[in-house]
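Excluded from the calculations below are hydrogen atoms, water molecules and symmetry mates; all remaining heavy atoms, backbone and side chain alike, are included.
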Amino acid sequence: MPDRFVVRLEGRDLELSNLDKPMFPAAGFTKGEVIDYYTRIAPLLLPHLRDRPVTRIRYPNGVEGAHFFEKNKPAGTPSWVRLETLPAPGSTKSRETIEYVVVDELPTLVWLANLAAIELHTPQWRIGADPDLLVVDLDPGAPAGLRECCAVAVLMRDRLAEDGITAYPKTSGKKGMQLCCPISGTQTADVVSGYARRVAEELARLVPASITAKMARQLRPGKIFIDWSQNNAAKTTVTPYSLRAGASPTASTPLTWAETEAMATGDTEARQFTAAEALHRADTHGDLLADLLDPGPELPVH
């Protein structure tokens, strides 16, 4: 197979290159397999990317090599790729605006995969709108792990339900997991973040031996940090079904609540899922996060 060749995909001409290059060397997983995964998961992934500016984490020489975060459009961006110029987030001081890539179609997704954009991260809002998602990250401090995250997820699900908020779990693809909740899209990021913080602090007071809502790392060993700050207007979260960089190609994978409860009790091994497993689960379950695509309720304001 030549190093570079052009394919036509949904009316777009794409140059693919170095498909045999190892992206996950320890697992023997190549760039061609990264592109294949994103192509096959695209029907479920694209709706979660649509109308959201995407931050990419690129690994040009595989996950064992150097990597970099990329928000601005890369050099050589094809003319057909959708771009949106938006104010730079607070952490980006070098420029006032960023020309973001928006992944609304399969050719753009494959183009990014060919650039070794292994991880895709998106904000909780669509372009030009207020947040339509509330997301909390459950981050375990060793020796706590994913099992303990699942137990906290169940606790948080029940607390959110008291306010009429429905939570959907997914693995992070690394150590922990996230809970994602569809909300109205009519309240500001400050309101959403404030609500998430209040609930996180309430649960930390309820179970102080197992949960912390404080960011200080020295407070985290053996506890689950409920990271409510994911709802900050400048923050992004790994997109559902995105690959994650690590020894093996894992993906941020939606769970059922029955699975989450079984992992919490130890009836099922609490673990992350590989790309192949994420594809199999997609065939079996469809998109367990499909309800995130429709508006949810307003958050209570205290």
Side-chain angles (χ1 to χ4, degrees), residues 23-24 26-27 29 33-50 52 54-57 59 63 103 109 112-113 117-122 124 133-140 144-154 156-157 166-182 224 227 230 236-293:
M23 287 287 105
F24 295 81
F29 200 83
E33 289 172 293
V34 170
I35 293 172
D36 177 67
Y37 169 77
Y38 275 123
T39 301
R40 291 167 64 191
I41 204 68
L44 277 66
L45 169 59
L46 284 171
H48 295 284
L49 290 168
R50 190 161 291 125
R52 298 182 195 271
V54 65
T55 297
R56 293 84 62 197
I57 309 181
Y59 292 79
V63 298
V103 185
L109 182 62
L112 287 178
I118 287 176
E119 296 194 14
L120 306 175
H121 295 247
T122 38
Q124 321 321 342
L133 294 174
L134 179 151
V135 174
V136 293
D137 191 58
L138 302 180
D139 185 15
L146 183 59
R147 177 180 171 182
E148 289 79 10
C149 287
C150 289
V152 173
V154 172
M156 189 150 202
R157 172 200 66 186
T166 304
Y168 296 83
K170 71 179 180 75
T171 68
S172 69
K174 288 208 164 177
K175 293 187 303 178
M177 64 188 296
Q178 287 98 29
L179 292 185
C180 307
C181 311
I224 304 304
D227 186 356
Q230 293 297 117
T236 60
T237 305
V238 63
T239 309
Y241 306 104
S242 170
L243 293 174
R244 301 305 303 271
S248 62
T250 53
S252 180
T253 306
L255 300 172
T256 67
W257 276 114
E259 288 174 318
T260 306
E261 291 167 354
M263 289 182 182
T265 59
D267 292 342
T268 300
E269 179 191 3
R271 64 182 184 87
Q272 304 291 334
F273 293 91
T274 66
E277 289 172 320
L279 286 168
H280 177 72
R281 291 171 61 83
D283 288 340
T284 303
H285 297 296
D287 184 10
L288 291 172
L289 300 180
D291 287 349
L292 299 183
L293 304 173

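- Minimum interatomic distance between Gly176 and Pro140 (heavy atoms only, all atoms of both residues): CA-CD, 3.8 Å.
- In this structure, Arg40 CZ and Leu279 CG are separated by 4.5 Å, a value rounded to the nearest 0.5 Å.
- With hydrogens and angles ignored, the 3.5 Å screen pairs no side-chain donor or acceptor of Arg244 with any backbone N or O of Ala251.
- The local environment of NE2 in His285 is crowded, with over 12 non-hydrogen atoms from other residues, nucleotides or ligands closer than 6.0 Å.
- Under a 3.5 Å cut-off, the side chain of Trp257 and the backbone N or O of Pro169 do not form any donor-acceptor pair.
- Residue Leu255 is tested with Lys170, Arg281, Glu261 for a side chain to side chain contact (heavy atoms under 4.5 Å, CB included); the sole match is Arg281.
- Between atom OG1 of residue Thr274 and atom CZ of residue Phe24 there is a gap of 11.0 Å, rounded to the nearest 0.5 Å.
- Side-chain contact between Arg157 and Thr260 is absent, with no heavy-atom pair separated by less than 4.5 Å.
- For the residue pair Thr237 / Gln124, a side-chain donor-acceptor distance below 3.5 Å is found, with atom types taken as modelled.
- Counting all heavy atoms, side chain and backbone alike, Ala113 lies closest to Ile35 at CB-CG1, 3.8 Å.
- Counting only heavy atoms from C-beta outward, the side chains of Val54 and Val103 approach each other to under 4.5 Å.
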Practice problem: Verify side chain to side chain contact (heavy atoms under 4.5 Å, CB included) between Met177 and Met263, making sure each step is shown before the conclusion. | Solution: CA-CA 12 Å; Met177 64 188 296; Met263 289 182 182; over 6 Å; no
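- With Thr171 contributing its side chain and Thr253 its backbone, the two residues share a donor-acceptor pair below 3.5 Å.
- The shortest heavy-atom contact between Val34 and Phe29 is N-CE2, 3.7 Å.
- Listed for the Gln272 side chain is a donor-acceptor partner under 3.5 Å among the backbone atoms of Gly173.
- Residues Leu288 and Tyr241 come closest through the heavy atom pair N-OH, 3.8 Å.
- In this structure, the separation between CG on Leu109 and OH on Tyr38 is 7.0 Å, given to the nearest 0.5 Å.
- To the nearest 0.5 Å, the span separating OG on Ser242 from CD1 on Ile57 amounts to 8.0 Å.
- Heavy-atom minimum distance, Ile224 versus Ala144: CD1-CB, 4.0 Å.
- Summarising the geometry, atom CD belonging to Gln230 is positioned 5.0 Å from atom CG belonging to Asp137; distances are rounded to the nearest 0.5 Å.
- For the side chain to side chain contact (heavy atoms under 4.5 Å, CB included) with Thr236, the qualifying choice from Thr55, Val135, Leu120 is Thr55, the only one to do so.
- The minimum heavy-atom distance between Ser172 and Ser252, with the atom names listed, is O-CB, 3.8 Å.
- With values rounded to the nearest 0.5 angstrom, Asp287 atom CG is found 4.5 Å from Leu44 atom CG.
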